[in-house]
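Throughout, numbering of the chain's residues begins at 1 and tracks the sequence.
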Amino acid sequence: MIKVDRRRINKLNLPEISEGAVVYWMSREQRVRDNWGLLHARELAGSTRPLIVVFCLVPSFLGANLRQYDFMLKGLQQVERDLRGLGYDFALLSGQPDQTLPDFVRKVRAGIVVTDFDPLRIKQQWQVNIGQKLNVPLLEVDGHNVVPARFVTDKREYGARTIRPKIQKLLPEFLEEFPELLPASQKGEGFPMVDWDQVRNSLEVDESIGPVDLASGEAAAHAALNEFVEHGLGDYAEKRNDPNAEATSRLSAYYHFGQLAPQRAALTVASRPAGDSVDSYLEELIIRRELSDNFCLHTPNYDSLDSAPEWALKTLAEHSADRRDYIYSYDEFEQARTHSALWNAAQSQMVRSGFMHGYMRMYWAKKILEWSASAEEALRITIALNDRFELDGRDPNGYVGALWSIGGVHDRGWKKRPVFGSIRYMNERGCRRKFDVDAYVRKWG
Ligand code: FO1
């Protein structure tokens, strides 16, 4: 018997459940296994209602390009195959979800709709619009956070130090094994198979940023998790800040597209012998990641400098007229044409592989602050480059990472310096103390 914890579920509109199918509108959690939203939809379907899974493909989502769409579509194709294998219907709708989904729900005479929690503005807006248009309930299920974002706290937290005890207190209740998704009990409507080639051809995205060499899909995500736990985790605490060691998990694209549940990774990592590596990975995976969702959920302008704390805005304003040794344009940054071989190498790593090492992401963004005309401009450039080249762009983690580096979000004040004021400073000398900078430049420069 599937029973999803009610504290993961949030009802977004007023109508009560009526006769008919259950529709699961998949969006952030693009997987079949370990998916609380899909499991709850299955729970509601029980033995009497058909369950239809639908994905709304937006022809151009927040400036995403072929790199991200290619990865996402390959994963979705596997989702369709696996769902059909269990006897479920899968449909792909093209267009804006608030234009297409309500009609679809009416057409299939659904009695209830379930979707994924996502703190991004556009998702929240879609949900409000769709909730208003439906005459059946729209439920949101948090399948991303181990401790549901709406439950852990009802306000924006100051930082890891304030959210950590709240999450830790609830972890024993929420870090539970997932039930298995049972096969369909009711025959569906028999939706035709999606024509994925046609879907690819219908995209209206920038194709100049091409796919990268990372296998997409739920199976690949599980394989990458197991590979990391077997071969990378042991050294994680010691080597995670060394971009040459490749000791990080490289799972972020799988989390971003929902091909891997953070909770699955947490269960797997937590089952290993206790130690610094397990602790520090769980800190990143649970506390830091859930802190990002908390920030975006309670900060509608999460991608603007206005959302930085007051002390940070004050110190940046005091130093806004400081002389900059270098000022680069967006194009110069994009083309890795700065004076710093280390910065250029980090930029090239991201452009070529769709991934920049976590430690370098901090250094890279801090230098954009140092070498831009203003902090606002620096944040704009950082987010634009991140969203264009990273596989996991346009994610709460990315917005919060940029604001941590440039706007002091979730950080505190440090020793004052030109341009930065008391925003934490990083420089190449610090990198040299941590890793072999020349080897990194040789590899990516
Ligand atoms: N979510 C959707 O529901 N439909 C889409 O067409 C879609 C496209 C897309 C492209 C690039 C990308 O990085 C994300 C995309 N997402 C899409 C959203 C994604 O699943 C995430 O939920 C959010 O970006 C972060 O929470």
Side-chain angles (χ1 to χ4, degrees), residues 1-57 76 79-80 82-118 123-144 148 150-151 178-194 258:
M1 247 310 269
I2 299 173
K3 184 141 176 52
V4 175
D5 194 313
R6 294 305 181 250
R7 295 171 296 179
R8 293 197 172 277
I9 304 166
N10 178 34
K11 190 160 179 277
L12 297 167
N13 61 354
L14 295 172
E16 293 303 324
I17 187 164
S18 56
E19 300 267 296
V22 180
V23 165
Y24 169 54
W25 166 26
M26 175 181 280
S27 179
R28 193 186 196 190
E29 314 305 334
Q30 300 168 17
R31 63 181 179 275
V32 175
R33 281 163 64 188
D34 305 339
N35 182 343
W36 290 122
L38 178 56
L39 284 164
H40 185 52
R42 180 67 186 84
E43 179 185 0
L44 291 167
S47 57
T48 55
R49 294 169 190 263
L51 165 56
I52 304 163
V53 179
V54 58
F55 186 86
C56 298
L57 184 72
L76 286 171
V79 164
E80 175 181 39
D82 294 350
L83 283 171
R84 288 185 185 272
L86 289 166
Y88 294 105
D89 269 325
F90 178 83
L92 191 91
L93 305 179
S94 276
Q96 299 300 317
D98 45 1
Q99 303 297 321
T100 56
L101 191 70
D103 283 346
F104 178 83
V105 169
R106 255 186 302 275
K107 214 175 76 201
V108 301
R109 292 186 299 279
I112 190 160
V113 180
V114 179
T115 193
D116 304 321
F117 165 77
D118 193 325
K123 297 287 190 83
Q124 300 273 309
Q125 195 56 56
W126 287 346
Q127 290 182 355
V128 169
N129 296 347
I130 290 169
Q132 283 168 354
K133 287 186 181 175
L134 292 179
N135 54 12
V136 297
L138 175 61
L139 306 181
E140 165 210 78
V141 179
D142 192 339
H144 213 80
R150 291 193 196 272
F151 183 76
F178 288 93
E180 198 186 338
L181 178 70
L182 306 170
S185 62
Q186 293 293 310
K187 229 172 105 36
E189 304 232 349
F191 284 92
M193 295 282 287
V194 176

Is [Y] close to [X] at the side-chain level, that is, under 4.5 Å between some pair of heavy atoms?
X: S185; Y: R42; answer: yes
X: L134; Y: P15; answer: no
X: L181; Y: Y88; answer: yes
X: I130; Y: W25; answer: yes
X: N35; Y: Y24; answer: yes
X: E80; Y: L76; answer: no
X: F117; Y: P148; answer: no
X: V128; Y: L12; answer: no

Please report the closest heavy-atom contact between [X] and [Y], naming both atoms and the distance.
X: Q127; Y: L138; answer: O-CD2, 3.5 Å
X: G111; Y: P137; answer: O-CD, 3.4 Å
X: F178; Y: D34; answer: CE2-O, 3.3 Å
X: E29; Y: R31; answer: OE1-NH1, 2.7 Å
X: L38; Y: V32; answer: CD2-O, 3.5 Å
X: V136; Y: S18; answer: CG1-OG, 3.6 Å

request  = Would you mind checking if K123 and D118 are paired as a salt bridge, meaning a charged N to carboxylate O distance below 4.0 Å?
outcome  =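 Yes, this pair counts.
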message = Using a strict threshold of under 4.0 Å (side-chain N to carboxylate O), is an ion pair present between K11 and E16?
response =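 Yes.
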From [X] [atom1] over to [Y] [atom2], what is the distance, rounded to the nearest 0.5 angstrom?
X: H40; Y: D5; atom1: NE2; atom2: CG; answer: 11.0 Å
X: W36; Y: I2; atom1: CH2; atom2: CD1; answer: 9.5 Å
X: N13; Y: Q132; atom1: CG; atom2: CD; answer: 9.0 Å
X: I112; Y: L139; atom1: CD1; atom2: CG; answer: 4.0 Å
X: D142; Y: R150; atom1: CG; atom2: CZ; answer: 8.5 Å
X: L51; Y: L83; atom1: CG; atom2: CG; answer: 8.0 Å

task = Would you mind listing every side chain to side chain donor-acceptor pair (under 3.5 Å) that reaches into residues 103-114, with sequence neighbours excluded?
result =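 As it turns out, the side chain to side chain donor-acceptor pair (under 3.5 Å) pairs with a partner in residues 103-114, which skip direct neighbours, are D103-R106.
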task = Step by step, work out the side chain to side chain contact (heavy atoms under 4.5 Å, CB included) result for W126 and Q96.
result = CA-CA 8 Å; W126 287 346; Q96 299 300 317; 3.8 Å; yes
key: More than 12 heavy atoms of other groups within 6.0 Å of L14 CG   =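 Open.
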Ignoring hydrogens and angles, tell me if any N or O in the side chain of [X] forms a donor-acceptor pair with the backbone of [Y] under 3.5 Å.
X: E140; Y: V114; result: no
X: R84; Y: F90; result: yes
X: R49; Y: S47; result: no

ask   = Tell me the ring-ring contact (aromatic ring centres under 6.0 Å, His included) pairs involving residues 94-115, sequence neighbours left out?
value =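 ring-ring contact (aromatic ring centres under 6.0 Å, His included) check on residues 94-115 returns F104-F191.
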